[in-house]
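Some notes on the structure that comes next.
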Amino acid sequence: MGANPDVLIGAILAGATFGDSISPISDTTIASAGTQGADIGGVVRSRLKYVVPAGLLAMLASAALDATRSSAAGAVAAAIPVSARGLPMLVVPALVIGLLVAQRHLIEGLLLGILATVVLGLALGLIAPSAIVHVDRASFGAKGLIVDGMGRGVGASVFTILLVGLVATLQATGALDRLVHWATRPGTTARGTEAWIVAAVSERCCSRPTASSPCLPWVRWPGAAARRPASVPTGAPTCST
Amino acid sequence: MTVCTWPFLLPYCLPTILASSASASGAPYGLPRVSPFAAGINNTYSWALLLAVLVAVATGFGRREAPSNTAQDRLSP
């Protein structure tokens with residue numbers, strides 16, 4: 001395609017973020033609706049007026065960014081032969097999403113997704129049987145596409161575990177509790193309350209980066225309902241803001 | 001909506017790290033791995049959404065006030 005790799009990955013991430021912010025099956029939408037007693041459809045509709053303009057602006061910005069950056073790597077990518085033979089593989093993520101919508105367990109959905117990928121890939125001749133998984137005689141270890149794929153997630157997994165340990169240490173000092181207590185004081189105006197919510201969620205996002213859907217503190221911890229300040233109305237803007 | 005901004009922008013959050021990890025699959029074709037920082041800084045949607053949130057808070061765009069004798073009373077300390 002000849003796109004700049006940085007801009008291309010940024011645009012892909014932007015698309016994923018757009019879906020996460022508006023999809024009725026995303027964790028942020030479900031958490032917003034569930035914790036505030038709102039219906040999911042209402043949360044999605046309330047977000048449209050913000051999300052759609054932001055999405056259009058992002059499309060224009062990504063196109064402008066790519067137009068202003070030349071890339072040798074992009075020229076290399078443009079020279080790679082492409083084929084439409086892999087398009088049927090899009091059935092697999094659709095299958096996994098369908099299973100999750102049908103409230104099947106995540107592990108079950110992912111395992112079935114791997115199985116469907118292997119079956120479909122073999123049927124279409126996109127992958128060779130020996131490439132899936134095999135025993136390497138030299139190292140006497142498992143090798144193959146699945147093992148390699150899992151290996152790419154090891155770094156992020158170790159990083160996450162260490163980060164959670166760091167956050168737990170911070171929590172033990174009580175610093176986060178004091179910050180949360182300060183951040184959850186009630187506002188006196190709608191604008192002030194919204195500003196506090198944005199600041200509190202931003203703080204949670206930055207200090208607990210492993211959480212994919214941090215909401216206001218009282219809805220994330222065990223015994224959340226009991227910790228929710230009575231002065232904050234159920235209908236007040238919270239996570240969806 | 002704020003939750004769809006920072007985790008997708010900061011280089012030490014999972015979305016940007018996973019995006020960087022995904023770019024490693026281009027190595028066999030001579031493509032460079034994109035850093036989490038570059039992935040986040042080029043995530044134009046999260047920047048735009050952050051701008052939308054700040055504008056909405058500042059201007060009240062899209063805000064629906066509850067009846068004065070309920071929400072305002074409950075918001076008061």
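The chains referred to below are lettered A, B, ... by the order of the sequence lines, with proteins before strands, and numbering in each begins at 1.
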Show the nearest heavy-atom pair for residues B:Thr44 and A:Ala58, with the distance to one decimal.
OG1-O, 3.1 Å
Between A:Ile12, A:Val51, A:Ile22, A:Thr29, which has the largest tally of heavy atom pairs under 4.5 Å with chain B?
A:Val51
Checking B:Leu50 against chain A: side chain, backbone, both or neither under 4.5 Å from a heavy atom?
neither
Mind checking the OG1-CZ spacing from B:Thr59 to A:Arg191? Nearest 0.5 Å is all I need.
8.0 Å
For A:Pro5 and B:Val34, the nearest pair of non-hydrogen atoms, with its separation, is O-CG2, 3.7 Å
Part of B:Leu49 within contact of chain A (heavy atom distance under 4.5 Å):
both
Okay, B:Ala22 and chain A: the region with an atom under 4.5 Å from a heavy atom over there is neither
Shorter than 4.5 Å, heavy atoms on both sides: which option in A:Ile9, A:Thr17, A:Leu65, A:Asp6 has the most such pairs with chain B?
A:Thr17
Kindly check if the number of other-residue, nucleotide or ligand heavy atoms within 6.0 Å of CE (A:Met89) is above 12?
yes
If you look at every heavy atom in A:Asp20 and B:Cys4, which pair is closest and at what distance?
OD2-SG, 3.6 Å
Region of A:Leu13 in contact with chain B, defined by heavy-atom distances below 4.5 Å:
both
For B:Arg63 and A:Ala190 the tightest heavy-atom approach is CD-CB, 3.7 Å
Has the side chain of B:Tyr45 got a donor or acceptor atom that lies under 3.5 Å from a matching backbone atom of A:Ala16?
no
At a 4.5 Å cut-off on heavy atoms, which part of A:Ala61 comes close to chain B: side chain, backbone, both, or neither?
both
Suppose we screen for salt bridge (charged side-chain N to carboxylate O under 4.0 Å, His left out). Which residues come up paired with A:Arg85, at least two apart in sequence or across chains?
none
Smallest separation among heavy atoms of B:Phe61 and A:Lys49, with atom names:
CE2-O, 3.7 Å
Please find the pair of heavy atoms, one from B:Trp6 and one from A:Ser202, that lie closest to each other, and give the distance.
NE1-OG, 2.7 Å
